[in-house]
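Report on the structure given below.
So you know, we letter chains A, B, ... as the sequences are listed, proteins then strands, and number each from 1.
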Amino acid sequence: MSRFRMFDLNPEQESAATHGKGPLLILAGAGTGKTRVITARIVWLIAQGHPPNRILAVTFTNKAAKEMKKRVLDMMEADDAREITISTFHSLCVRILRQSAHLLGYKENFSILDESDQSGLLKKIIHRTAAKDETLDPAVARALISKAKNSGWNAPPTEESLLGAVYLRYQNELKMLNAMDFDDLLVLAVQVLRHHPEAATHWQERYEFLLVDEFQDTNRLQLELVSLLAGQAPNVCVVGDDDQSIYSWRGAEVSNILEFERHFPNPVIVKLEQNYRSTPAILGAANRLIRNNARRRGKNLWSAAGEGAPVQVLAMRDDREEAELVTSEIANQRHTQSIPWEHFAVLYRTNQQSRPIEEALRRLKIPYRLIGGKSFFDRREIKDVIAYATCLMNPSNDAAILRILRTPPRGIGAVTVENALSESRNLFAVLQSPEFQNTVSTRTREAITTFCDFIEAFRIRLSTPNSQPAALLQCMLEESGYFEDLQRSCKTPQESLRREENVRDLLRDLSRYPESEGLRRFLDEITLENDRQDKDDQSGLGVTLITLHAAKGLEFPHVYLIGAEDGLLPHQRSKVENTVDEERRLFYVGITRAMKSLTISHSLQRMKYGQSVACQRSPFLTEIAGDGVVESTGTKILNQPVSVETAENHFARLKQLFAS
DNA sequence: AATCGTCTGCTTTTT
DNA sequence: GCAGACGATT
C-alpha cells in the first residue's frame, strides 16, 4: 500500500480510486486529476488482489490508450502492467470480431475499410443504383449511413428510397467482400455479444473490472457495448465530464453520462472539483459560463492556488489587429519573462481562423505547430503501398485493386475498368473470370492476366510458412516498376527521395510482422491508428495553433482564445440547430485549457468569405464577466510601450513567488 | 490523360 | 477568398 500513497490523492480522488465493486461514476471536471485517479484505481485494484489480466480500460483514441499505458507502467511492476488490457473501443471490437465474426456470417480474416475505401465503394454502388435523374453524393451517403449505424437505427434499410437502397447494397457488398467499415466494428461486436450468449459470457468472464474514459463522448453503441461486457453485476467505472461533451454532432450522447443511473442502477457517484491546473481567476470565468447550461450534473471547480493574473477580454478592430496583437503579446511575454514558445497556445473555433495567426507568426519569425487541418492524409505513396499490401492480403478489396491497377499504368484502361466495375462481383474476381476476359481485346486480356497472375503468385508466396510480407511487398513494388512510376510523378528529385524514404520506413515497420497473420495485424493497426497524433507531437516545438475541439484534454500555461464573436462562437449553425449549449461547453473547454493566463479576443470587423463583416461580441463574454475578468481593447494595448497585462502578470508572478 | 477554367459553398473530427 | 469538384478542351 505504500506505493498507493505515492499518488497523494485528495479525499474525493481517493474514494473514487478505492471504490470496490458495483457501478462508479466519476465526474471529473477539467484539470481535476482524472488520469491520476484512473491510474491509482488500477493500481489499487491490483493491490487488492484482482488479477491484472481481468482489468479492461477503454479509451477513444490511440493517443489516450498509449498515455494510460505509460502512466500505468510508471506506477507498477512492468509484468503486471502489461497484463492489463488498455484499448480503444474500435480495437477492442476488432479483438471480439477476430474471434467470433463467423457467428455473423463473416470470416475472421475480414478486412477493415477506411474512409476512402468506403467512399469508393459507395460511389460505385450509387453509380449502379441511381436512376438517370437521381444524384447522391457519396460523402453525404457515408455520413448518413454512419449516423444510422451509430444511433443504433436497426430497422433494416429498404429499397424504397435511393439512400435505403444504397445502404442495403452497401451492406451486402461489404459482407461479400468480407469487409467492415469503422462503424460496423461496433455494430457487429455488439451484435455478437447481444445475440450469442456464449460469446457474451466469454467476454464478461474475461474481464472483471471495466474502466471507460471520456464517457461523455460515448454514443449509443458504445454504451451498449460497455453494458454487454459488464454483464449482470456490472463493475463499471466510467470517467467523464458532462460539461465537456462537445461531440454530439458525431453521435455522442450526453445522456449516457447524465442518466448514468438509468443504465447502471445505484452507482456510487464521485465529483472531482478541485482543479490543479488553472488559477481561480480562470476557473471563476469557467464556472460563471457553464452554469448557464440547463442539462448538467452541476459542478463548481475550485483551486487552492493564488488568484493569478486576471482573464483579459480584448476587443479588436478587426481580425488583422487580432492576429497582430496576439502574436506580439506572445513575443513580448516570451522575451520579458523568458517563457518558451511551447507554453503558448492559440485556440479558435474553425480551422480557417489559423491563417491570419500563421501569417503574423511568420512575420515575427516565431516557430509554431499547427494541429489538425489536413495534409497528413495526403501521403500518396503510403496509401499506394498499403493498397499493395491490402491486395496481397485480400484481393477482393476493390478500392485497393483499383488503386494499384493504375499505379503504375498497366495497359488496363479506364473503359475496361468501368466495365469490370459494373459487374456485381468484386473487381478482382471479374478480372480473373474468362467470361469477362473474352469481352476485351487480346492485348487488354494479356495485361489483365499478367496482373492477376502477378497478384496470385505473391499470394501463394505469402501463404507459405515463414513468409516475409515486407520482403514480398518490396518485391512486388520493384517488379511492378512502382518506384520508377513514383519518380516520374514527382516534380523534384528531393520529393521523390522523400517519398521513397517514406515507403522504406513503412516496409521497415512491416518487417517486424512475419507471415500472413502478421500482415493482417499490421494492416489492422494501420487502419485503426491515425498516426497523426504522433506526427503532431514530434513536429517541432513552438506556439501551438489548435481548434477548440482538438484542444480538449490538453493544457497550456498561456492561452489565447480568439474569435469570441456571435456567429463564430457560438457558431451560426449551432443557433439554427439549437445546439448553443454545446458551443458553451466548447468555450468552457477552451477556457479550462489555460493554466496561468488566459486572453480572450473578439473582433468588431472580420473577413468572411472575402468580405469584411461587422461582428458582435459573443454573448458568452457577458456570462463570464465578474471578478478576475477585465476588459480592454487591442488599440489601447498596442499603444502602450509596456502593456497593462504584462505588468499585472509580472506582479502576479511576484506575488506567487512570495506566497510559495 | 492532363490541364485549364468555372462553379459552388463554406464547423467541429476519431476510428 | 479560396479550395475542391467537375466539365470542357487540347
Side-chain angles (χ1 to χ4, degrees), chain A residues 58-65 87-94 112-119 123 135 137-140 142-143 146-147 149-150 180-187 189 213-214 217-219 221-222 225 244-252 319 347-356 371-378 406-407 409 411 413-415 417 488-489 524-533 536 546-553 563 565 567-577 579-580 582-583 585-587 589-590 606-613:
Chain A
V58 189
T59 64
F60 269 83
T61 64
N62 293 302
K63 188 183 177 183
S87 154
T88 65
F89 274 104
H90 291 267
S91 46
L92 177 67
C93 291
V94 171
I112 303 167
L113 262 54
D114 72 12
E115 218 160 292
S116 60
D117 300 335
Q118 237 186 102
S119 288
K123 202 169 159 188
T135 53
D137 180 356
V140 171
R142 198 189 60 211
S146 172
K147 204 164 187 187
K149 287 181 178 176
N150 279 298
M180 302 180 187
D181 64 24
F182 285 133
D183 301 319
D184 284 338
L185 296 176
L186 283 163
V187 174
D213 193 18
E214 303 279 15
D217 291 338
T218 51
N219 63 29
L221 277 173
Q222 286 155 337
L225 182 74
Q244 292 186 69
S245 162
I246 54 173
Y247 286 115
S248 73
W249 51 274
R250 63 179 199 211
D319 46 347
L347 273 52
Y348 38 81
R349 175 67 235 259
T350 67
N351 279 308
Q352 52 183 26
Q353 287 173 264
S354 70
R355 270 273 171 93
I371 304 216
K374 287 170 194 148
S375 81
F376 332 85
F377 282 100
D378 297 345
R406 283 167 303 177
T407 33
V415 184
V417 173
R488 193 185 48 79
S489 64
D524 272 8
E525 281 169 25
I526 291 227
T527 328
L528 291 176
E529 251 174 60
N530 228 340
D531 47 16
R532 64 197 287 166
Q533 52 256 19
D536 288 344
I546 192 169
T547 63
L548 289 164
H549 281 93
K552 198 184 75 171
E565 290 141 37
L568 204 51
L569 183 66
H571 197 274
Q572 194 56 42
R573 263 178 96 148
S574 72
K575 299 186 182 180
V576 183
E577 290 166 8
T579 53
V580 174
E582 182 149 312
E583 299 285 306
R585 292 193 289 264
L586 194 53
F587 192 24
V589 165
R606 175 178 300 278
M607 291 299 277
K608 273 184 189 165
Y609 309 137
Q611 274 175 326
S612 189
V613 185

| For A:T218, which residues count as a side-chain hydrogen bond (donor to acceptor under 3.5 Å, both in side chains) partner, sequence neighbours excluded? | A:N256
| task | Please confirm whether any donor atom in the side chain of A:R349 sits under 3.5 Å from an acceptor in the base of B:dT12, or the reverse. | result | yes
| task | Please check the phosphate of B:dT13 (OP1 and OP2 only) for any side-chain N or O of A:N351 closer than 4.0 Å. | result | yes
| Per A:F182 side chain, nearest of listed nucleotides B:dT11, B:dT13, B:dT15 | B:dT15
| said: Need one value for A:Y609: base, sugar-phosphate or nothing, where a base atom within 4.0 Å counts as base even if backbone is also close, heavy atoms only. | reply: base
| Side chain A:H571 and base B:dT11 donor-acceptor under 3.5 Å | no
| task | Check whether any side-chain nitrogen or oxygen of A:T547 sits under 4.0 Å from OP1 or OP2 of B:dT13, and answer yes or no. | result | yes
| task | Using atom CZ of A:R585 as one end and atom C1' of B:dT12 as the other, report the distance to the nearest whole Å. | result | 13 Å
| field | OP1 or OP2 of C:dG1 under 4.0 Å from side-chain N/O of A:R606 | value | no
| said: Under the criterion salt bridge (charged side-chain N to carboxylate O under 4.0 Å, His left out), I'd like the reasoning laid out for A:E583 against A:K575: C-alpha separation, chi angles, the key distance, then a yes or no. | reply: CA-CA 9 Å; A:E583 299 285 306; A:K575 299 186 182 180; over 6 Å; no
| message | Could you work out, with side-chain hydrogen bond (donor to acceptor under 3.5 Å, both in side chains) as the rule, every residue matching A:Q244, not counting sequence neighbours? | response | A:D241, A:R593
| task | Compare side-chain N and O positions of A:N62 against OP1 and OP2 of B:dT15 and report whether any pair is under 4.0 Å apart. | result | yes
What does the list of N/O pairs under 3.5 Å between the protein and nucleotides 5-9 of chain B look like, with a distance for each?
none

